[in-house]
Enquirer: 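Just passing along the structure, written as structure tokens.
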Amino acid sequence: MPQLVIFASGSGSNAENIVRYFLNKPQIRVSGLCTNRPDAYVIERMKKYDIPVLVFNRNDLHEITKVDDWMVQKGADWIILAGFLWLMPARLIQAYPNRIINIHPALLPNYGGKGMYGHHVHEAVIANGEKQSGITIHYVNNEYDRGETIFQATCPVEPDDTADTLAERVHDLEYRHFPAIIEQEVMKGIHNE
Ligand code: GAR
């Protein structure tokens with residue numbers, strides 16, 4: 001059975017939504033969550049579902065194999081980035097070829113790259129007078145937000161939007177689509193093996 005480990009840096013509402021979705025899907029399991037923030041609310045969220053959590057720092061991720069070893073222990077086949085804000089090390093990208101999926105809260109290739117996360121993205125979209133924003137679900141490579149796109153969905157940007165109101169609309173799209181797209185890609189991976 002394919003097992004997912006989720007990486008998240010913050011609130012973790014997507015992580016929780018993914019966990020809930022796969023509770024009812026016996027063919028795929030979330031076996032752990034990794035976070036770089038010891039105070040991230042996602043840690044609280046995971047307690048409800050008994051999902052094991054690893055907290056790591058930059059050194060653990062880039063210089064040693066603490067994270068890699070933990071994922072092997074958890075039987076991880078896929079990595080899901082759900083609001084994870086650091087670049088994945090090349091080592092892990094090689095270890096999980098085409099098995100790392102990220103969600104970005106805008107329509108890539110626009111509004112991506114280093115520093116473009118969360119409310120920074122929505123502020124930039126509004127400041128540029130965009131009429132439309134959305135989500136991009138994509139494979140991860142060595143550059144921020146540049147891997148192959150799997151799926152995009154759009155939503156309007158309203159004239160009176162703030163970063164918060166736009167974030168809410170984008171989050172709705174994320175909740176609606178991210179788990180199903182993960183499921184689709186994982187099942188495709190199984191069939192191509
Ligand atoms: C999500 O909107 C996700 O798309 C975004 O962070 C938010 C996390 O929310 N990711 C990025 O900006 C990555 N560049 P959550 O912690 O409530 O799931």
Side-chain angles (χ1 to χ4, degrees), residues 4-23 30 32-49 51 53-56 58 61 78-89 92-93 100-128 130 132-157 161-183 185:
L4 318 178
V5 163
I6 303 173
F7 280 57
S9 301
S11 160
S13 66
N14 275 285
E16 180 168 359
N17 185 48
I18 295 165
V19 166
R20 291 171 65 96
Y21 182 88
F22 287 109
L23 282 180
V30 176
L33 179 129
C34 295
T35 184
N36 57 308
R37 290 239 332 260
D39 59 345
Y41 185 60
V42 69
I43 298 173
E44 282 308 309
R45 291 187 193 264
M46 293 301 106
K47 282 183 188 158
K48 269 185 278 176
Y49 306 94
I51 301 287
V53 171
L54 176 75
V55 179
F56 62 89
R58 224 173 253 282
L61 184 65
W78 288 75
I79 299 176
I80 307 302
L81 308 184
F84 180 63
L85 304 184
W86 288 356
L87 195 61
M88 279 309 235
L92 276 176
I93 293 170
I100 308 180
I101 298 178
N102 181 44
I103 192 157
H104 187 77
L107 298 172
L108 292 175
N110 297 330
Y111 304 104
K114 195 166 165 48
M116 270 295 174
Y117 60 87
H119 66 99
H120 297 292
V121 175
H122 306 306
E123 278 161 11
V125 166
I126 291 169
N128 282 346
E130 300 287 356
Q132 187 173 259
S133 190
I135 61 169
T136 304
I137 299 172
H138 65 95
Y139 282 106
V140 170
N141 65 13
N142 290 327
E143 287 177 275
Y144 272 111
D145 303 326
R146 288 302 191 90
E148 183 200 337
T149 294
I150 304 166
F151 175 86
Q152 290 188 309
T154 62
C155 63
V157 179
D161 261 337
T162 63
D164 284 345
T165 57
L166 180 56
E168 211 175 297
R169 206 170 301 123
V170 168
H171 261 126
D172 284 344
L173 284 180
E174 296 183 328
Y175 303 149
R176 193 172 335 141
H177 296 290
F178 197 19
I181 295 292
I182 294 167
E183 182 181 26
E185 293 305 297

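We count ligands from 1, going down the list as the structure has it; atoms in each ligand are counted the same way.
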Enquirer: Where is the nearest protein heavy atom to atom 17 (O) of ligand 1: which residue, which atom, and how far?
Expert: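 Looking at atom 17 (O) of ligand 1, the protein heavy atom closest to it is S13 OG, 2.6 Å.
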Enquirer: Which residue supplies the protein heavy atom nearest to atom 11 (C) of ligand 1, what is that atom called, and how far is it?
Expert: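 Of the protein heavy atoms, P105 CD, 3.5 Å lies nearest.
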Enquirer: Could you check whether any side-chain N or O of H104 sits under 3.5 Å from a backbone N or O of Y111, counting only pairs where one atom can act as donor and the other as acceptor?
Expert: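 Yes, the answer is positive, given that a donor and an acceptor are paired below the 3.5 Å cut-off.
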Enquirer: Using distance alone, decide if ligand 1 has a nitrogen or oxygen within less than 3.5 Å of any nitrogen or oxygen in Y175.
Expert: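 Min N/O separation from ligand 1 is not below 3.5 Å for Y175.
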Enquirer: Checking the side chain of T136 only, and the main-chain atoms of A106 only, is there a donor and an acceptor separated by less than 3.5 Å?
Expert: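 Judged by distance alone, yes, a pair lies under 3.5 Å.
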Enquirer: Can R45 and S11 be counted as having a side-chain donor-acceptor contact under 3.5 angstrom?
Expert: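 Yes, because at least one side-chain N or O of R45 sits under 3.5 Å from a partner of the opposite role on S11.
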Enquirer: Among E16, H122, H104, whose heavy atom sits nearest atom 14 (N) of ligand 1?
Expert: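 Ranked by closest heavy atom to atom 14 (N) of ligand 1, first place is H104.
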Enquirer: Return the closest protein heavy atom for atom 3 (C) of ligand 1 as residue, atom name and distance.
Expert: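 Closest protein heavy atom to atom 3 (C) of ligand 1: E174 OE2, 3.4 Å.
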Enquirer: Against heavy atoms of S11, which atoms of ligand 1 measure under 4.0 Å?
Expert: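 So the answer, numbered in order with elements, is 16 (O), 17 (O).
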Enquirer: Could you tell me the residue and atom name of the protein heavy atom closest to atom 12 (O) of ligand 1, and the distance to it rounded to 0.1 Å?
Expert: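 For atom 12 (O) of ligand 1, the nearest protein heavy atom is G118 N, 3.0 Å.
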Enquirer: Tell me whether the rings of W86 and F56 are parallel (<30°), tilted (30 to 60°) or perpendicular (>60°).
Expert: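 Rings of W86 and F56: perpendicular, as their planes differ by over 60°.
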Enquirer: Specify the protein heavy atom at minimum distance from atom 9 (O) of ligand 1: its residue, its atom name, and the distance to 0.1 Å.
Expert: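 Ranked first by proximity to atom 9 (O) of ligand 1 is H171 NE2, 3.2 Å.
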Enquirer: Hey, is the main chain of G113 close enough, under 3.5 Å, to the side chain of D145 for a donor-acceptor pair?
Expert: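 A pair under 3.5 Å: yes.
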Enquirer: Can you check which of G12, G10, G83 brings a heavy atom nearest to atom 16 (O) of ligand 1?
Expert: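 Among G12, G10, G83, the closest heavy atom to atom 16 (O) of ligand 1 comes from G12.
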Enquirer: Could you pull out, from I135, I103, V121, D145, the option with a heavy atom nearest to atom 10 (N) of ligand 1?
Expert: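 It is I103 whose heavy atom sits nearest to atom 10 (N) of ligand 1.
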Enquirer: Considering the heavy atoms of M116, write down every atom of ligand 1 situated less than 4.0 Å from one of them.
Expert: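 Counting from 1, the qualifying ligand atoms are 14 (N).
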Enquirer: Do you know which two heavy atoms are closest between V157 and V125, and how far apart they sit?
Expert: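 The answer is CG2-CG1, 3.9 Å.
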Enquirer: With heavy-atom distances below 4.5 Å as the criterion, would you say the side chains of I6 and N14 are in contact?
Expert: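 They are not in side-chain contact.
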Enquirer: Pick, from I6, N14, L173, V42, the option with the minimum heavy-atom distance to atom 18 (O) of ligand 1.
Expert: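 Looking at heavy atoms only, N14 sits closest to atom 18 (O) of ligand 1.
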Enquirer: Spell out, as yes or no, whether a donor-acceptor pair under 3.5 Å connects the side chain of N17 to the backbone of Y175.
Expert: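 Checked: pair present.
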